[in-house]
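The block underneath contains the structure these notes are about, expressed in structure tokens.
What you see is a predicted model, and the numbers here were worked out from it, not measured in a lab.
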Protein chains: 2
Amino acid sequence: MKYQEAIIEELLTTAFQDETLRNAYYEAAQEKMFKKGDLLLEQGQICRYCYTLLSGAVRGFYLKDGREITTSFCFASDVVMSLESATRLTPSPESFEVLEDSLVEVVSVEKLTQLRAQFPVLEKVWTLSMEAYAIWLEERLASLQFATAKERYELLLERYPQIVRNVQLSHIASYLGITLETLSRIRAKG
Amino acid sequence: MKYQEAIIEELLTTAFQDETLRNAYYEAAQEKMFKKGDLLLEQGQICRYCYTLLSGAVRGFYLKDGREITTSFCFASDVVMSLESATRLTPSPESFEVLEDSLVEVVSVEKLTQLRAQFPVLEKVWTLSMEAYAIWLEERLASLQFATAKERYELLLERYPQIVRNVQLSHIASYLGITLETLSRIRAKG
DNA sequence: GTCGCCGTTTGACATATATCAAATAATTAT
DNA sequence: ATAATTATTTGATATATGTCAAACGGCGAC
């Protein structure tokens, strides 16, 4: 999972002016440093924590026929979590790997559920995040469904240049649904 | 948009035992019959209504380079709406076309927002629907990202046989991200 | 029933992308 | 710094899928 939006950020900023909420949240949350290569969550495990990236980068991926398919990239202020696993308590379909040393805020999914129940504004943030995430997925789906490899790469470059700058080709390639050789050739030609 | 789940259905059933809610809802909703070929929403317009299918079938699609790309199929009890357009009041990226004569329950997005504010259980249904929709999109994304055309067709056949039974090939093909000739050949070989 | 219209199938060929292999280039460890 | 590892580029070839065109089939209008 990932995705943040201006409106949501604002709502959160306002919400955190409430001292009761702030205290409850910081009691539940814990800052942790993760190292490059660490796994925040492994495919098949149940996702029990919600990770908010304060700095660094994380990649979501799953294994198919022995090779890794990248599903998402997360950077500062993005949320890392398997939505499916966290809400249904089923095995996660994907793993999350730390791409560079990252500072992360960790809250357990259970505690998060309590906080949402206790503070309606957090429930509202959750709902808006779900909407934004679904809309983001719709857009990504459309780009995979009928754009050529070149179009998909150019769209990524336009919308998410920080991915192209920071992440190795093989991960970008599988994110775009192509091989790294093809991606390399697309970049060479321009 | 589409997607319904057992848990959500149950919650709705319970909610409708509340007479106040039931009255408020039925005052806001209106049943309408649509004919094959009707457009519930046209690409570029703002989505002002939420349509719940009571019977029949609807297809979502958008135009790309002059050809139609199918994004979804909806059947009885599915909800038809452009999530992006309805929540952000922006032009809809997709159209919705009625595939066969359909009975539809229509509520305005504005009224729906009021009802959600008035009845927390409806807000809960909305949130759960967003989660379910996002998870459904994640799954569909994974299937488009790295499955072959044959695998995608077989997955569709397994998970949503009613689509394959009821819908013409050209729509299924663009839904799978392939041409109808390729789909025809996949079916011929088995 | 016959005609005409769609939707589907089939064929020949073009093209994008994958695969396998090797050569460079860039990072990391020693 | 040098070696060792890892990432990227490039080349030759294979394959899946697309494109264009024609034939076939079912089904409603008349």
cation_pi(A/R67, A/F61) dist<6.0 Å, angle<=45: no
Close residues, residues 172-179 of chain B, relative to DNA chain C [heavy-atom separation under 4.0 Å]: none
B/R140 and A/E138 ion-paired at < 4.0 Å: no
Under 3.5 Å: donor-acceptor pair, side chain of B/S85, backbone of B/I46: no
Separation of C/dT8 C1' from B/Y153 OH (nearest whole Å): 13 Å
B/Q45 and B/S92 side chains, donor-acceptor separation under 3.5 Å: no
Any side-chain donor near an acceptor of the partner, B/E94 and B/T71, under 3.5 Å: yes
A/R59 CZ - D/dA7 C1' separation (whole Å): 14 Å
Path from A/L157 to A/L169 over hydrophobic side-chain contacts below 4.5 Å: yes
Qualifying side-chain hydrogen bond (donor to acceptor under 3.5 Å, both in side chains) pairs, either residue in residues 97-126 of chain A, two or more places apart: A/Y25-A/E105, A/R59-A/E97, A/K111-A/Q114, A/R116-A/E123, A/W126-B/E131
Within one Ile-Leu-Val-Met-Phe-Trp-Tyr cluster: A/L141 and A/L137, side-chain cutoff 4.5 Å: yes
Parallel, tilted or perpendicular: ring planes of A/Y133 versus A/W136, cut at 30 and 60 degrees: parallel
When you compare the protein's N or O atoms with those of nucleotides 24-30 of chain C, which come within less than 3.5 Å of each other, and at what distance?
none

NZ (A/K64) with more than 12 external heavy atoms under 6.0 Å: yes
Separation of atom NZ in B/K189 from atom C1' in D/dT15, rounded to whole Å: 11 Å
Just the atom pairs and distances: protein N or O near nucleotides 8-13 of chain D's N or O, under 3.5 Å.
| residue | atom | partner | partner atom | Å |
| --- | --- | --- | --- | --- |
| D/dT8 | OP1 | A/L169 | N | 3.2 |
| D/dT8 | OP2 | A/L169 | N | 3.0 |
| D/dT9 | OP2 | A/S184 | OG | 2.9 |
| D/dT9 | O5' | A/S184 | OG | 3.2 |
| D/dG11 | N7 | A/R185 | NH1 | 2.9 |
| D/dG11 | O6 | A/R185 | NH2 | 3.2 |

Global bending angle along the helix from C/dG1-D/dC30 to C/dT30-D/dA1, which compares the axes of five pairs at either end, to 10 degrees: 40°
Heavy-atom donor-acceptor pair, A/D38 side chain to A/K35 backbone, under 3.5 Å: yes
Partners passing side chain to side chain contact (heavy atoms under 4.5 Å, CB included) against B/L12 (at least two apart in sequence or in another chain): B/F16, B/L122, B/V125
Between D/dT15 (P) and B/I186 (CD1): distance, integer Å: 18 Å
Separation of C/dT17 C1' from B/F146 CZ (nearest whole Å): 11 Å
Heavy-atom donor-acceptor pair, B/Q145 side chain to A/T70 backbone, under 3.5 Å: yes
Phosphate-side-chain proximity, A/R67 and C/dA18, N/O vs OP1/OP2 below 4.0 Å: no
